[in-house]
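To keep things clear, I will list the structure first and then write my remarks on it.
All residue numbers refer to positions in the sequence shown, counting from 1. Side chains are part of it too, since the values below use all heavy atoms of this structure and drop only hydrogens, waters and symmetry mates.
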Amino acid sequence: MNTAFLDVLDGKTSYSHTVTNLLRKQIQCDLILDSNDRKILYLLSKGYKTKDLPREIPLSLAAIEKRKKIMKEAFQVEVKSDLALVNRAKDIGFL
């Protein structure tokens with residue numbers, strides 16, 4: 001029988017390998033993203049352009065640009081593109 005199934009029957013929590021890896025990646029990263037940062041990343045990953053984000057997030061365009069810059073530095077993204085930021089966020093488990 002599957003170990004995860006037996007653990008759940010015993011009242012224990014069981015995580016898949018994928019979930020465990022994502023949790024581990026997030027714990028290892030010292031950066032804490034607030035809900036607006038996560039929304040920025042999410043919307044960029046869905047193809048939104050930065051200029052359209054103020055309609056979806058209660059921040060000015062300048063504030064969004066500043067947050068993106070901070071995230072790029074924190075995630076050590078050297079390329080200036082939003083795609084590089086989104087890909088890095090996926091790699092370390094934030095998306």
Worksheet item: So do Thr50 and Leu44 actually touch side chain to side chain, heavy atoms under 4.5 Å?
Response: yes
Worksheet, complete the sentence: Contacts of Ser81 meeting side-chain contact (heavy atoms from CB on, under 4.5 Å) (sequence neighbours excluded), chain-then-number -> Val79, Leu83, Ala84
Less than 3.5 Å apart, which donor and acceptor atoms pair up between the side chains of residues 53-64 and the rest of the protein, not counting sequence neighbours?
unit_1: Arg55; atom_1: NH2; unit_2: Asp52; atom_2: OD1; d: 2.7
unit_1: Ser60; atom_1: OG; unit_2: Ala63; atom_2: N; d: 3.1

Discussion item. I'd like to know whether Ile70 forms a side chain to side chain contact (heavy atoms under 4.5 Å, CB included) with Phe75, so could you lay out the CA-CA distance, the side-chain angles of the two residues, the decisive distance to 0.1 Å, and finally the verdict.
Written reply: CA-CA 9 Å; Ile70 291 168; Phe75 290 162; over 6 Å; no
Worksheet, complete the sentence: The side-chain contact (heavy atoms from CB on, under 4.5 Å) partners of Lys46 (sequence neighbours excluded) come to Tyr42, Tyr48
Discussion item. Suppose we screen for salt bridge (charged side-chain N to carboxylate O under 4.0 Å, His left out). Which residues come up paired with Asp82, at least two apart in sequence or across chains?
Written reply: Lys68, Lys72
Discussion item. So, using salt bridge (charged side-chain N to carboxylate O under 4.0 Å, His left out) as the criterion, who are the partners of Arg67 when residues are at least two apart?
Written reply: Asp34, Asp37
Worksheet item: Looking only at atom types and distance, does a side-chain atom of Arg88 sit under 3.5 Å from a main-chain N or O of Val77, one as donor and one as acceptor?
Response: no
Worksheet item: Got a second to check how far Phe94's CZ is from Leu33's CG, nearest 0.5 Å?
Response: 4.5 Å
Response to the item:
Asp10 meets the salt bridge (charged side-chain N to carboxylate O under 4.0 Å, His left out) criterion, sequence neighbours left out, with none
Worksheet item: Rounded to the nearest 0.5 Å, how far does NZ of Lys49 lie from CG of Leu43?
Response: 13.5 Å
Worksheet item: If you measure from CD1 on Ile92 to CD on Gln76, what distance do you get to the nearest 0.5 Å?
Response: 9.0 Å
Item to complete: Apply side chain to side chain contact (heavy atoms under 4.5 Å, CB included) to the pair Leu95 and Arg38, showing each step before the final yes or no.
Response: CA-CA 8 Å; Leu95 277 175; Arg38 289 182 183 270; over 6 Å; no
